[in-house]
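First the structure, in the form of structure tokens, and then the observations on it.
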There are 2 protein chains.
Amino acid sequence: MVGLSTNLEENLMEKSLKRMATMNRMQVTGLELFYKNGYYNTSVDDILKELSLSKGAFYYHFDSKEDFFVQIIQNLLVRKIYSSLIEPIEGHEHTLDLIINCFEDALETAVHNEMDYGFLLSNFINEFNGRNEEVMKHLNEILRIWEVTLVSAIQRGKFNGHIDRHVDAEGVAVYLMSSYIGIRTLMVENTPSARKYRFMSQLRQYFKSIEIKQSSF
Amino acid sequence: MVGLSTNLEENLMEKSLKRMATMNRMQVTGLELFYKNGYYNTSVDDILKELSLSKGAFYYHFDSKEDFFVQIIQNLLVRKIYSSLIEPIEGHEHTLDLIINCFEDALETAVHNEMDYGFLLSNFINEFNGRNEEVMKHLNEILRIWEVTLVSAIQRGKFNGHIDRHVDAEGVAVYLMSSYIGIRTLMVENTPSARKYRFMSQLRQYFKSIEIKQSSF
DNA sequence: CGAAAAACAGACCCATTAGTCAGTTTTTCG
DNA sequence: CGAAAAACTGACTAATGGGTCTGTTTTTCG
């Protein structure tokens with residue numbers, strides 16, 4: 001996968017500023033509406049109406065609705081996941097604390113987002129799974145990066161002596177991803193704040209069970 | 001909520017057998033296609049083509065596409081969730097074992113289903129959230145029943161002395177539901193069997209942390 | 001059997017969809 | 001300035017969507 005900043009520089013060099021500005025405006029609004037209504041339930045016209053732009057403008061910049069969405073994934077979705085779920089756990093402090101804080105922050109953002117439609121990534125996975133291989137390839141790639149980051153973090157924790165060296169790093173990663181995806185679905189309705197609190201408590205409980213028990217020495 | 005069997009008896013009494021048979025055929029095929037392609041991405045024509053039936057037949061039996069879907073939820077979806085996730089944990093044996101076996105069986109079914117599109121319930125929640133209050137009401141009702149069943153099971157476990165009496169039953173329930181919903185999303189692609197195995201291992205790890213530690217007595 | 005009711009067929013309606021295209025406005029740059 | 005390139009307009013198309021309606025077939029039951 002091409003690095004994020006390199007990709008951005010390329011765009012700035014090859015494409016004019018106006019082009020970039022319009023494309024970005026379209027993509028931001030597009031992601032908003034796709035998140036809100038789903039991809040198949042959002043028409044190109046919906047997006048254009050929101051921006052007071054015409055069909056011609058859209059198809060001047062993008063080949064198709066699918067091309068448009070793939071570019072949204074690469075330009076916006078990847079960055080969002082990176083800043084919220086990847087970077088926060090790449091530090092070198094106590095690993096499990098990093099993950100706890102990362103999840104805490106991400107869920108808190110969701111709580112305060114009055115219009116919440118769940119986890120962007122898993123919503124799109126549900127929608128495209130078995131229907132669009134091309135898009136799924138990109139979404140799975142993001143999942144893979146998240147998984148790799150988590151596995152590295154756990155292994156770092158084992159190496160640093162914070163995490164029991166017998167734990168299966170990949171197992172923990174899968175379990176963490178599962179629970180995060182699920183709680184984001186559960187938080188779309190009904191007292192998201194209470195559910196977040198309960199979730200975080202149990203996550204801490206689980207973490208206690210894979211930590212090195214200081215008391216036993 | 002009206003009991004399941006009562007509802008069935010009512011239908012059998014009021015509606016002719018032929019009517020019931022056709023309606024059921026439509027609903028079964030409808031659920032299949034809605035699960036596969038999503039509700040908004042499946043047309044009434046798609047379903048009718050599959051069954052070699054006409055528009056007239058459809059609108060003779062159902063008021064609208066939405067009415068059709070709500071009936072599918074009540075007749076098929078509720079039953080599926082009941083038999084796979086509710087009934088299996090209503091027994092009186094060791095609670096955590098019941099839950100482990102229940103999840104194990106449900107996930108194993110998913111592994112062997114070559115065409116898997118994730119967890120029916122969470123897929124539909126993602127699709128209808130913020131778009132259709134009426135349908136969401138029914139889906140949330142199912143979630144609530146699942147949650148209540150889990151909470152009861154945990155409390156039974158605490159009462160029976162298998163589960164630490166300090167644990168928060170509602171917290172455990174939310175955490176279990178989250179992780180199940182999430183793993184079903186992760187299992188739609190990429191080595192579902194391996195992910196299931198890892199997930200179950202970590203679930204057992206988590207359960208160890210909320211069990212009564214026999215060794216400490 | 002035969003008439004009424006139930007079950008179904010399919011042409012039709014109107015709104016919406018992704019995508020095209022010929023033409024117009026805006027920007028760039030020599 | 002002025003011409004070429006870039007950015008954009010909006011009417012149009014062909015396909016598809018949910019839903020209606022008139023009429024035909026099948027079933028039921030006295």
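Proteins come first, then strands; the chains are lettered A, B, ... in the order of their sequence lines, and each starts at number 1. The basis for the numbers below is simple: all heavy atoms, side chains too, and nothing from hydrogens, waters or symmetry mates.
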Exercise. Mind checking whether B:Phe34 and B:Tyr117 have ring centres under 6.0 Å apart?
Worked result: no
Problem set entry | Worked check of side chain to side chain contact (heavy atoms under 4.5 Å, CB included) between A:Gln205 and B:Tyr175 | CA-CA 11 Å; A:Gln205 176 80 26; B:Tyr175 199 59; over 6 Å; no
For this session: Could you tell me whether the phosphate oxygens of C:dT17, OP1 or OP2, come under 4.0 Å of any side-chain nitrogen or oxygen in A:Ser43?
Result: yes
Exercise. Is the phosphate of C:dC8, meaning OP1 or OP2, less than 4.0 Å from a side-chain N or O of B:Thr22?
Worked result: yes
Problem set entry | Residue A:Asp45, side-chain heavy atoms: nucleotide from C:dA9, D:dG17, C:dT17 that is nearest | C:dT17
For this session: Rounded to the nearest angstrom, tell me the gap between atom CZ in B:Phe62 and atom P in C:dA6.
Result: 17 Å
Seminar exercise, completed: Atom CG of B:Asp67 and atom P of D:dT20 are separated, to the nearest Å, by 12 Å
Problem set entry | Distance, rounded to the nearest Å, where A:Leu17 contributes CG and C:dC29 contributes C1' | 16 Å
Exercise. Can you check the A:Phe69 CZ to C:dA18 P distance for me, whole Å?
Worked result: 14 Å
Seminar exercise, completed: Of A:Asn41 and A:Asp63, the one whose nearest nucleotide on DNA chain C sits closer to the 5' end is A:Asn41
Exercise. Under 4.0 Å between a side-chain N/O of B:Lys55 and OP1 or OP2 of C:dG10, yes or no?
Worked result: no
Problem set entry | Centroid-centroid distance, A:Phe199 to A:Tyr180, less than 6.0 Å | no
Exercise. Does the pair B:Arg25/B:Glu50 count as a salt bridge with the N-to-O cut at 4.0 Å?
Worked result: no
For this session: May I ask you to evaluate whether A:His61 reaches the phosphate of D:dC8, defined as a side-chain N or O under 4.0 Å from OP1 or OP2?
Result: yes
For this session: Assess the pair B:Trp146 and B:Tyr82: is the distance between their ring centroids shorter than 6.0 Å?
Result: no
Exercise. Which nucleotide in the set D:dG17, C:dA18, C:dA9 lies at the smallest distance from any side-chain heavy atom of B:Ala57?
Worked result: C:dA9
Problem set entry | is_close_aromatic(A:Phe58, A:Phe68), centroid dist under 6.0 Å | yes
Seminar exercise, completed: A correct dot-bracket answer for DNA chain C, with pairs being Watson-Crick or G-U at under 3.5 Å, [ ] for crossing pairs and | for inter-strand pairs, is ||||||||||||||||||||||||||||||
Problem set entry | Rounded interatomic separation in angstrom, taking NZ from A:Lys65 and P from C:dT20 | 15 Å
Exercise. Rounding to a whole Å, what distance do you find between B:Phe58:CZ and C:dA6:C1'?
Worked result: 18 Å
For this session: Rounded to the nearest angstrom, tell me the gap between atom CG in B:Leu53 and atom C1' in D:dT25.
Result: 14 Å
Exercise. In whole angstroms, how far is the P atom of C:dA11 from the CG atom of B:Leu48?
Worked result: 14 Å
Exercise. Taking the six-membered ring where the residue is Trp, are the ring centres of B:Phe69 and B:Phe128 under 6.0 Å apart?
Worked result: yes
For this session: Return no unless some side-chain N or O of B:Lys18 is found under 4.0 Å from OP1 or OP2 of C:dA7.
Result: no
Exercise. What pair of heavy atoms forms the shortest contact from B:Glu90 to B:Arg156, and how long is it?
Worked result: C-NH2, 4.0 Å
Seminar exercise, completed: Of the listed D:dA7, C:dT17, C:dA6, the closest approach to the B:Tyr60 side chain comes from C:dA6
For this session: May I ask you to evaluate whether B:Tyr59 reaches the phosphate of D:dT20, defined as a side-chain N or O under 4.0 Å from OP1 or OP2?
Result: no
Exercise. Given D:dA6, is OP1 or OP2 found less than 4.0 Å from the side-chain N or O atoms of A:Arg19?
Worked result: no
